[in-house]
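Everything below concerns the one structure shown next.
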Amino acid sequence: MEPYRIKVVEPIPFTTRPERENALKRVAYNPFDLRADEVTIDLLSDSGTGAISAEQLAAGMNGDESYAGSRSFYRWREVVSELTGYPHILPTHQGRAAERILFSSLLKPGTSVLSNTHFDTTRANVELAGCQAHDLPCAEAKDLDSDYPFKGNIDLAALEYALENAHRSPVAAVLMTITNNGGGGQPVSMENLHQTAALCRRYDVPMILDAARFAENAWLVTRREPGYQDRTPRQVAEEAFRLTDGCIMSAKKDGIVHIGGFIGLKNPELAERCQGLLIATEGFTTYGGLAGRDLDMMARGLLEVTEPAYLAERADIAGYLAARIRDAGVDVVEPAGLHALYVNAGRLLPHIPPHQYPGTALVCELYLRGGIRSAELGSLYLGEEDEQGNPIKTAPYELVRLALPRRVYTRSHYDHVADTLAGIAKDPKSVHGYRIVGQSPILRHFSIKLEPVQSPN
Ligand SMILES: *Cc1c(COP(=O)(O)O)cnc(C)c1O
């Protein structure tokens with residue numbers, strides 16, 4: 001059961017089918033443009049959408065808003081130092097600010113960054129620094145149905161090969177994303193992290209952790225990795241941070257706050273370069289774009305997030321929803337993780353070709369039938385077409401991500417999601433595809449405009 005009870009509530013909007021049809025048409029079938037008060041269950045993102053605890057709220061009330069040297073900063077820094085072990089810690093307003101500051105200080109143009117999988121903003125910030133971002137996911141990640149426990153791992157042989165050939169193509173850093181968000185939210189094993197760290201040491205390349213979901217990764221390690229069953233998630237997380245040269249963190253995920261992030265580093269010269277940029281673009285080094293209350297709430301969230309009862313319930317509710325979806329005959333990416341479920345829309349809607357976006361079709365149908373907002377991760381997100389709209393590149397899989405906000409929805413909310421999906425699975429042929437009628441050149445999924453295709457093909 002949930003290891004908390006509800007003290008403050010927020011009403012959720014209920015809408016009628018005609019209202020949802022009108023809303024979806026108005027936003028040209030792009031759920032990012034829906035107003036939140038048109039959405040009943042919002043599974044668009046787990047980022048900054050969690051519920052804060054009474055202790056976090058109380059900590060926030062105690063925030064010190066001094067411009068420099070606030071008490072909040074020193075309290076927060078102590079918590080982050082104890083968790084991560086890094087001597088240099090810089091606050092930022094969210095994860096991508098940490099990425100931009102670290103990458104522009106660390107990366108030389110023309111080099112590359114190797115990763116298990118870069119998250120989309122992480123890739124964008126590597127490229128903005130004039131570098132190439134290469135993903136080296138392990139082979140097991142390609143099979144969506146396999147229940148291999150650590151599909152978030154990096155391919156160690158490919159990593160070693162790239163490091164060995166770094167004289168031809170220099171490698172500026174190795175970035176490990178835990179859990180692997182771009183790769184279906186799958187965890188990375190401690191063994192894989194240890195071996196990656198050994199390779200980085202051997203070839204003298206810095207290893208950076210993208211730690212947005214460090215606690216969820218640690219939980220899955222305690223459940224799935226031999227030798228870690230008797231450790232606490234907190235101990236596993238501490239070990240992971242200490243293997244690396246630094247981290248970037250989006251505290252909107254496993255900080256359980258609405259805004260916040262940080263950079264952690266071992267190297268003092270690199271930390272000094274980052275500090276200069278931090279002051280110029282985020283704020284002074286003791287607040288980095290955050291209010292004192294945000295720092296205090298993050299400090300508390302970083303302690304709550306590794307509590308076993310919290311993580312056990314988070315895993316349990318995700319497993320419960322996954323089981324109900326499977327029972328309805330719909331496949332999810334296996335094994336189910338914690339922060340999101342990835343529904344195999346391509347398999348559910350085989351009559352819709354990739355360039356008519358089966359993922360988008362399912363996203364729209366979930367909204368029309370159930371007022372549920374979700375995100376496409378398929379050929380709309382990753383594909384490309386020529387000017388006439390003919391496909392050049394399609395995604396390897398057509399997925400829909402149901403992100404699970406922390407401590408927000410209860411089992412009956414998730415029953416509604418499962419029931420809505422089950423209804424669609426009874427009559428998948430009634431769902432039709434979409435075509436693009438307007439898009440922007442970068443990160444197009446945020447601003448895309450679509451219209452329905454009435455008869456498939
Ligand atoms: C969310 C996220 C980021 C970016 O963080 P923001 O706080 O959204 O800027 C980076 N990496 C991963 C793995 C993420 O999930």
Side-chain angles (χ1 to χ4, degrees), residues 32 43-50 80 90-104 106 113-129 133 135-137 141 151-154 173-188 193 207-218 220 237 240-241 244 246-264 278 281-283 288-290 294-295 297-298 301-302 305 314 337-342 375 377 381 399 401-406 442-443 445-446:
F32 279 98
L43 308 184
L44 186 65
S45 178
D46 68 319
S47 179
T49 54
V80 181
L90 306 174
T92 62
H93 83 278
Q94 63 182 85
R96 67 198 69 184
E99 291 166 355
R100 178 179 54 77
I101 289 168
L102 178 64
F103 296 161
S104 15
L106 172 69
V113 176
L114 310 176
S115 177
N116 51 345
T117 305
H118 293 80
F119 178 68
D120 56 8
T121 62
T122 320
R123 169 177 294 275
N125 278 301
V126 168
E127 290 170 355
L128 282 171
D135 292 340
L136 308 171
K151 287 189 197 172
N153 284 353
I154 197 166
V174 172
L175 184 101
M176 293 296 279
T177 311
I178 60 168
T179 57
N180 193 345
N181 190 7
Q186 297 291 332
V188 178
L193 282 181
M207 175 174 171
I208 306 293
L209 212 54
D210 181 348
R213 297 182 184 79
F214 73 90
E216 296 180 359
N217 201 81
L220 292 168
F241 281 113
T244 66
C247 80
I248 45 178
M249 173 73 189
S250 168
K252 299 173 74 172
K253 288 43 171 282
D254 276 351
I256 331 188
V257 278
H258 301 136
I259 199 74
F262 59 85
I263 301 169
L278 184 77
T281 61
E282 283 282 285
L290 294 169
D294 296 329
L295 291 166
M297 289 198 285
M298 193 202 307
L302 288 169
V305 75
R314 186 153 170 77
L338 271 70
H339 88 280
L341 296 173
Y342 295 71
L377 284 179
Y381 179 58
L399 303 177
R401 187 179 82 165
L402 306 175
L404 312 180
R406 293 167 181 77
I442 46 165
L443 296 173
H445 52 289
F446 287 111

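Start at 1 and go down the list; that is how both ligands and their atoms are numbered.
- Among the candidates H339, K253, R406, the single residue satisfying the side chain to side chain donor-acceptor pair (under 3.5 Å) test with D46 is R406.
- Taking F103 as the reference, nothing meets the ring-ring contact (aromatic ring centres under 6.0 Å, His included) condition, with sequence neighbours excluded.
- With a 4.5 Å cut-off on side-chain heavy atoms, R213 and N217 do not count as touching.
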Any protein N or O within less than 3.5 Å of an N or O in ligand 1? List each pair with its distance, or say none.
| from | atom 1 | to | atom 2 | distance (Å) |
| --- | --- | --- | --- | --- |
| ligand 1 | 5 (O) | S250 | OG | 3.4 |
| ligand 1 | 7 (O) | G95 | N | 2.8 |
| ligand 1 | 7 (O) | S250 | OG | 2.7 |
| ligand 1 | 8 (O) | Q94 | NE2 | 3.4 |
| ligand 1 | 8 (O) | R96 | NH2 | 2.9 |
| ligand 1 | 9 (O) | Q94 | NE2 | 2.8 |
| ligand 1 | 9 (O) | G95 | N | 3.3 |
| ligand 1 | 9 (O) | R96 | N | 2.8 |
| ligand 1 | 9 (O) | R96 | NE | 2.7 |
| ligand 1 | 11 (N) | D210 | OD1 | 3.3 |
| ligand 1 | 11 (N) | D210 | OD2 | 2.7 |
| ligand 1 | 15 (O) | N181 | ND2 | 3.1 |
| ligand 1 | 15 (O) | R213 | NH1 | 2.9 |
| ligand 1 | 15 (O) | K253 | NZ | 2.7 |

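- A cation-pi arrangement is absent between K151 and Y342, since the terminal nitrogen or guanidinium carbon is not both under 6.0 Å from the aromatic centre and inside a 45° cone about the axis.
- With sequence neighbours excluded, no residue forms a salt bridge (charged side-chain N to carboxylate O under 4.0 Å, His left out) with R96.
- Judged as a salt bridge (charged side-chain N to carboxylate O under 4.0 Å, His left out), and not counting sequence neighbours, E99 has no contacts.
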